[in-house]
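Residue numbers start at 1 and run along the sequence shown. Because only heavy atoms are used, hydrogens play no part in the values below, and waters and symmetry mates are left out as well, while side chains stay in.
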Amino acid sequence: MDLEIINQIRTTFENLPDHRKPGNNRKYAVEDAALSAFSVFFTQSPSFLDYQQRMQKLHNRNNAQSIFGVHQIPSTSQIGNLLDPIAPETLYPVLAEVGDQLYTQGCLKPFMSVGGTLLVAMDGTDSFSSEKISCPCCTQQTLKNGQTLYRHTVVTPVIVAPGQSCVVPLPPEFVRVQDGVDKQDCELAAAKRWLTTWGAHYAPRGITVLGDDLYCHQPFCEAVRAQHLDFLFVCKPDSHALLYEWLDDFTRTGEVQTLEKSRWNGKQRLTERYRYLNQVPLRNSDDALMVNWCEMTILNAKQEVVYRNAWATSHTLDEHNVIDMVAAGRARWKIENENNNVLKNHGYHFEHNFAHGKQHLSNFLATLNLLAFLAHTALEWLDEAYRAVRHAAPSRRTFFEQFRTLLQFMPFDNWQHLMRFMLYGENLIPRKT
């Protein structure tokens with residue numbers, strides 16, 4: 001594994017707090033518990049540790065040790081007991097560090113978008129829900145049948161860009177019970193905390209925050225601008241009545257600018273119609289924030305509307321950037337497709353209850369899962385051998401199937417040994433004589 005990435009992860013795990021009382025059994029280190037859990041997410045194999053324990057008995061060595069650095073493999077219950085008291089915030093710095101490494105090495109240059117900024121899409125997603133299992137970090141929702149649903153929801157900011165098939169996860173922020181606060185936490189409050197915590201860190205790079213209509217309200221827009229970031233949020237008519245009244249008035253006076261282009265989608269010719277206007281009020285108040293508005297409508301060959309959406313932004317709009325601005329706004333869906341969907345349905349089992357715990361375990365494991373997802377993304381840019389193996393596989397699923405199978409049944413000396421084996425097996429480079 002790329003040495004800098006694995007060293008960053010291991011250093012973080014080495015410094016995790018140990019909440020055991022003096023004199024308690026310390027056969028297993030907290031670091032080993034964290035590395036063991038991380039290995040399960042990284043290999044996308046819930047049974048990975050079981051295979052490694054069998055391998056240890058057969059071969060007197062195992063891949064959890066040689067590749068991930070686990071000294072002794074704890075049991076599942078021991079992993080839970082050791083990690084449960086540790087807040088997920090202890091892992092946030094390493095997520096930031098890996099992303100920072102991608103930035104400083106120029107990997108994110110293709111992600112630069114409107115106004116020379118990086119697009120950070122924000123959205124909330126559930127990592128756990130149950131009517132029976134709960135912990136103090138759970139939020140509660142009363143269902144129509146009167147039952148209580150216990151949930152863990154997390155805001156997962158990711159760097160996205162039009163035309164890019166991958167995303168880069170940033171440190172998350174969980175929706176949870178806040179000490180000394182009677183009002184239940186929510187996605188928007190968690191997103192504001194993220195801005196307060198990380199805004200200054202990312203602002204120097206130039207950031208445009210993307211979000212759905214939930215985020216397109218003055219308090220959150222002002223919170224974004226207070227961190228010297230830009231925003232580009234979905235702006236719906238039913239939640240921004242005054243803004244659309246202004247648009248109607250300016251449409252009648254001809255001040256709303258219009259731009260059209262056509263394109264062939266392989267089946268028919270589509271018409272893309274762009275409308276935009278600068279400096280309209282976001283809400284009905286004397287201190288209303290003035291925003292810039294744009295809309296895209298797609299018409300088919302019969303001039304029927306097949307798509308329409310609109311956005312409010314802090315970027316000034318003109319005929320030269322409105323098309324790119326709309327493309328950036330539409331890239332928000334990548335947080336659903338390339339992030340949340342991959343985490344839940346393509347191997348990471350993000351919503352699976354690996355263990356819940358009584359304190360922080362559920363959120364800690366979810367953060368480890370995000371770190372594993374980020375590590376694979378980073379390795380594809382930074383590890384030449386890994387990239388060659390990934391690209392040789394006919395699909396992402398095939399790569400992980402091969403990856404898991406090898407690690408389950410064959411002991412390797414280290415990460416480089418595994419990559420060499422996979423490379424030679426795929427006949428990508430000649431074997432040295």
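Side chains of Gln141 and Arg151: a donor-acceptor N/O pair is present below 3.5 angstrom, by distance only. Counting only N and O atoms by type, the side chains of Arg404 and Ser45 include no donor and acceptor under 3.5 Å apart. Donor-acceptor pairing under 3.5 Å is recorded for the side chains of Trp293 and Tyr244. Remark: the Ser285 side chain and the Arg283 side chain contain an N/O donor-acceptor pair separated by less than 3.5 Å. Checking Ser239 against Asp213 by side-chain atom types alone, a donor-acceptor pair falls below 3.5 Å. A donor and an acceptor atom, one from each side chain of Tyr103 and Gln101, are nowhere located under 3.5 Å apart. Side-chain contact annotation: Thr316 with Asn278, donor-acceptor N/O pair under 3.5 Å absent. Side-chain polar atoms of His19 and Asp84 form no donor-acceptor pair below 3.5 angstrom. Side-chain contact of Gln78 with Ser75: a donor-acceptor pair under 3.5 Å is present, judged by distance alone. Side-chain polar atoms of Ser36 and Ser39 form no donor-acceptor pair below 3.5 angstrom.
Only one option out of Thr208, Asp324, Asn292 pairs with His315 in a side chain to side chain donor-acceptor pair (under 3.5 Å); it is Thr208. Shown are His360, Arg20, Gln359, Lys358; of these, the side-chain contact (heavy atoms from CB on, under 4.5 Å) with Pro85 is made only by Gln359. Results of the ring pair (Phe, Tyr, Trp, His ring centres under 6.0 Å) test with Phe220 over Trp194, Tyr215, Phe231 single out Tyr215 as the only residue that passes. Residue Thr148 forms a side-chain contact (heavy atoms from CB on, under 4.5 Å) with just one option from Glu131, Gln140, Lys132, and that option is Gln140.
Taking the six-membered ring for Trp and thresholds of 30 and 60 degrees, His376 and Phe403 have ring planes more than 60 degrees apart, a perpendicular arrangement. Using a 30° and 60° split on the angle between ring planes, Tyr386 and Phe399 fall in the perpendicular class, above 60°.
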Would Phe42 and Phe68 satisfy ring pair (Phe, Tyr, Trp, His ring centres under 6.0 Å), going step by step from the backbone distance to the final call?
CA-CA 10 Å; Phe42 187 84; Phe68 295 96; 5.7 Å; yes
Run the numbers on Thr153 and Asp126 for side chain to side chain donor-acceptor pair (under 3.5 Å), then give the verdict.
CA-CA 4 Å; Thr153 304; Asp126 279 3; 2.7 Å; yes
Between Glu380 and Arg387, does the salt bridge (charged side-chain N to carboxylate O under 4.0 Å, His left out) criterion hold? Intermediate values first, please.
CA-CA 5 Å; Glu380 193 160 350; Arg387 182 168 60 252; over 6 Å; no
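Contact detail for Leu282 and Ala288: the closest heavy-atom pair is N-CB, 4.4 Å.
Of the possible donor and acceptor atoms, one in the side chain of Glu187 sits under 3.5 Å from a partner among the backbone N and O of Gly124.
Remark: Arg10 fails to qualify as a cation-pi partner of Phe38 under the 6.0 Å distance and 45° angle criteria applied to the six-membered ring.
Surrounding CD of Glu384 are at most 12 heavy atoms belonging to other residues, nucleotides or ligands under 6.0 Å away. More than 12 heavy atoms of other residues, nucleotides or ligands shown are found within 6.0 angstrom of CG on Asn414.
Using a 4.5 Å heavy-atom cutoff, the side chains of Leu49 and Val40 are in contact. The shortest distance between side-chain heavy atoms of Gln402 and Thr405 does not fall below 4.5 Å.
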